[in-house]
Trainee: 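Before anything else, here's the structure in question.
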2 protein chains.
Amino acid sequence: MTVTLADVAARAGVSAATVSRVLNGNYPVAAGTRGRVLRAVEELEYVVNGPASALAAASSDLVGILVNDIADPFFGILAGAVQTELSGASGPGGEKLAVVCNTGGSPERELTYLTLLQRQRAAGVVLTGSASEDPAHARALAAGLARLSGAGTRVVLCGRPVQEAGAEPESGVEPESRAPLTALAFDNRGGAQRLTGHLIALGHRRIGCVAGPAGRTTTAERLAGHRAALAAHGIEDPPRRVVHGAYDRGSGYDAAVELLRRDSELTAVVAANDTAALGVCAALRDRGLRVPEDVSVAGFDDLPFSADAAPALTTVRLPLAEAGARAGRLVTGREERPPGGLATLPAELMVRGSTSVRYP
Amino acid sequence: MTVTLADVAARAGVSAATVSRVLNGNYPVAAGTRGRVLRAVEELEYVVNGPASALAAASSDLVGILVNDIADPFFGILAGAVQTELSGASGPGGEKLAVVCNTGGSPERELTYLTLLQRQRAAGVVLTGSASEDPAHARALAAGLARLSGAGTRVVLCGRPVQEAGAEPESGVEPESRAPLTALAFDNRGGAQRLTGHLIALGHRRIGCVAGPAGRTTTAERLAGHRAALAAHGIEDPPRRVVHGAYDRGSGYDAAVELLRRDSELTAVVAANDTAALGVCAALRDRGLRVPEDVSVAGFDDLPFSADAAPALTTVRLPLAEAGARAGRLVTGREERPPGGLATLPAELMVRGSTSVRYP
DNA sequence: CTGTTAGCGCCTTCAG
DNA sequence: CTGAAGGCGCTAACAG
């Protein structure tokens with residue numbers, strides 16, 4: 001019914017082995033033979049059976065990309081950049097397919113997807129975004145990644161701390177068989193510190209913080225940077241100035257309302273990301289406060305729409321496209337892993353209209 | 001080395017077939033036996049070999065999603081919604097994996113991905129976004145989709161016209177073997193017509209149009225709606241009032257500059273989508289024109305950030321999440337296909353601050 | 001309910 | 001440079 005390698009071989013008057021060789025181009029074949037085979041492929045509209053070759057060759061051309069939420073441009077940009085590099089991978093193994101897995105930030109789903117990808121014998125996996133800080137999950141994740149590595153899958157962390165990278169699940173495992181992890185981290189801490197430092201320089205002292213979801217590494221890193229800036233200037237930082245929330249507009253809105261309820265004298269707010277920052281702005285406006293005249297607001301990530309918000313958002317730019325592209329090259333083995341397996345990508349302060357000197 | 005079904009069977013003291021049966025849960029197995037098998041699976045950390053089972057069962061659990069650009073929230077939302085439904089597919093075949101393919105709007109890449117997905121024996125494919133209007137590509141695409149359908153892959157068009165749906169590549173093909181295509185279309189034409197109608201009702205007569213990329217179905221549909229509204233009111237529509245461009249901010253900016261160069265008396269501009277509309281706004285601002293006092297601007301799609309732009313964008317809301325979710329259910333066979341295989345989703349006019357009555 | 005028996009379609013030594 | 005043969009790991013009839 002469906003045409004197979006054997007059909008092509010018969011049509012071309014050669015053996016199946018020869019057809020396989022011209023198709024994979026990994027072995028010398030006479031030009032004439034190759035031509036006949038290729039013609040037969042065309043005529044029969046033959047399409048390789050991926051599962052069959054994956055089984056025989058013990059390798060597939062799937063690459064998994066784990067993201068919190070593909071609808072969020074932060075991850076969309078990252079995933080798109082990875083994907084672009086995958087399709088450019090004409091080298092060893094040719095075109096790879098990107099399997100995008102939405103974890104929704106759930107550690108359980110993260111593990112589930114890791115297993116699913118291992119089941120597919122994925123050639124590589126890129127984990128993006130923040131990780132859970134829960135030790136049990138960190139351990140389970142490290143074990144899962146070790147199993148993948150052990151199976152020959154390349155693992156790249158992108159925009160994640162390296163906590164997993166160092167995990168050594170079992171001694172006694174032959175090191176050669178384990179591809180080492182590679183990590184691309186963002187300088188969240190430094191970026192946050194510069195951002196809050198910028199607000200302090202503008203005269204702000206009562207700075208509210210809409211932190212990201214609790215228990216996640218990215219949240220912790222950015223919060224640490226924020227606090228470091230405050231501490232460096234001897235500014236007190238009572239716990240009531242920090243509210244945790246998700247990375248969406250509604251959370252930003254609610255968090256801002258809560259922060260104002262706790263302290264109506266705030267003159268600035270740093271948000272978990274740009275989307276939340278827009279929610280903060282909306283909440284302020286709804287309460288009759290102007291941005292930045294009454295309250296300065298800052299975001300994080302510098303997503304494309306941030307420059308078009310009104311006022312344009314002061315934020316911290318993360319090199320998402322570069323990070324994704326690099327992760328894509330690393331996971332396909334087209335780029336050498338950085339020394340130590342870890343590279344930190346810069347976070348650049350972008351000063352725009354949503355922050356200004358404190359007026360009162 | 002790597003643990004197989006046979007290992008699990010040995011450990012549990014049963015045959016490989018039995019292990020397969022408990023794992024797939026598609027055949028009765030005694031509770032006790034099942035327990036022993038499951039324990040063995042745990043102990044051995046056994047993970048099914050996807051390619052092997054796909055080969056034997058002649059089916060995989062991969063679903064392809066073709067998008068123009070996953071970094072664009074329009075597609076991110078769509079893809080995310082599809083994906084969410086896939087992981088909820090615990091029914092027949094269980095969890096499906098989403099393979100996201102960025103075509104960049106290139107018909108060639110579209111065909112390439114279709115072949116790649118056919119090679120993987122994908123369980124289904126969802127094609128999103130606009131299609132090329134070129135007849136040759138339309139034909140090639142129809143042929144490709146027919147091949148997929150013929151191989152048992154479910155095909156769903158989402159936010160696409162049905163031109164492909166009717167294609168009959170070869171007579172003589174047994175109809176039963178071809179799963180029929182299903183299409184979910186947006187009412188682009190109606191939405192555009194209402195949008196331009198809204199501007200006309202506000203007194204605008206010289207309305208510039210930043211249309212999407214030329215030669216694409218979505219562009220054509222929206223432009224047709226725009227023109228229908230103008231025609232309905234007897235407003236002339238010289239060609240110079242329309243400029244084509246991509247769906248990004250820069251294109252919107254450039255197009256606006258060009259439109260103003262051609263006619264500095266414009267009082268309104270409708271853009272290809274929200275992102276381009278923000279570019280239009282930026283261009284107007286840079287030339288000292290206020291939105292909406294001097295020029296009204298409208299977008300399309302109603303992406304999340306549109307409400308936070310300044311001024312908030314008047315636009316047309318497309319039910320992206322609903323469409324994606326439905327496509328996900330259709331492609332996994334969890335929802336009946338609509339009568340005739342085609343459903344049209346409504347496009348709702350959202351009036352906000354970026355459009356106002358024409359101030360002469 | 002469970003074991004046995006054949007392949008699924010391709011890759012990969014090993015000869016020639 | 002090409003062909004023949006075996007097996008990758010699993011599923012799907014058949015028997016029992």
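Bear in mind the structure is a predicted one, so any value in this text is a computation, not a measurement. Each chain gets a letter, A, B and so on, in the order the sequences are listed, and its residues count up from 1.
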Trainee: Whole-Å distance between D:dG9 P and B:Leu44 CG?
Mentor: 14 Å

Trainee: Counting heavy atoms from C-beta on, name the nucleotide in C:dC10, D:dT11, C:dT2 closest to the side chain of B:Ala57.
Mentor: D:dT11

Trainee: Does A:Thr4 place a side-chain N or O at less than 4.0 Å from the phosphate oxygens OP1/OP2 of C:dC8?
Mentor: no

Trainee: Starting from C1' on C:dC1, measure out to OH on B:Tyr27 and report it in whole angstrom.
Mentor: 9 Å

Trainee: Output the rounded distance in Å from CG (A:Asn49) to P (D:dT11).
Mentor: 15 Å

Trainee: Check the distance between D:dT11's C1' and B:Leu55's CG and give it to me in whole angstrom.
Mentor: 10 Å

Trainee: List, one per line, each side-chain donor-acceptor pair under 3.5 Å for residues 20-35 of chain B, sequence neighbours excluded.
Mentor:
unit_1	atom_1	unit_2	atom_2	d
B:Ser20	OG	B:Asn24	ND2	3.3
B:Asn24	ND2	B:Ser20	O	3.0

Trainee: Contacts to DNA chain D from residues 14-25 of chain B, heavy-atom cutoff under 4.0 Å, which residues?
Mentor: B:Ala17, B:Ser20, B:Arg21, B:Asn24

Trainee: To the nearest Å, how far apart are A:Arg121 CZ and C:dC11 P?
Mentor: 18 Å

Trainee: Could you tell me which residues satisfy side chain to side chain contact (heavy atoms under 4.5 Å, CB included) with B:Ser15, sequence neighbours excluded, listed by chain and number?
Mentor: B:Ala17, B:Thr18

Trainee: Kindly compute the distance separating CG (B:Leu97) from CD (B:Gln120), expressed to the nearest 0.5 Å.
Mentor: 11.0 Å

Trainee: Taking only the side-chain heavy atoms of B:Ala56 (C-beta and beyond), determine which of C:dT12, C:dC10, D:dT11 contains the nearest atom.
Mentor: D:dT11

Trainee: Expressed in angstrom and rounded to an integer, what is the separation of A:Arg34 atom CZ from D:dC1 atom P?
Mentor: 10 Å

Trainee: Looking at B:Glu336 and B:Arg326, is there a salt bridge between them, counting it only when a charged N and a carboxylate O are closer than 4.0 Å?
Mentor: no

Trainee: Starting from P on D:dA4, measure out to CG on A:Leu5 and report it in whole angstrom.
Mentor: 14 Å

Trainee: A:Asp61 has an atom CG; how far is it from atom P of C:dC10, in whole Å?
Mentor: 14 Å

Trainee: Compute whether any side-chain donor of one residue and acceptor of the other, for A:Glu108 and A:His137, lie under 3.5 angstrom apart.
Mentor: yes

Trainee: With a 3.5 Å cut-off and no angle check, do the side chains of A:Arg109 and A:Thr103 form a donor-acceptor pair?
Mentor: no

Trainee: Using the side-chain contact (heavy atoms from CB on, under 4.5 Å) rule, pick out the option among B:Val19, B:Val41, B:Leu44, B:Thr2 that qualifies with B:Asp7.
Mentor: B:Leu44

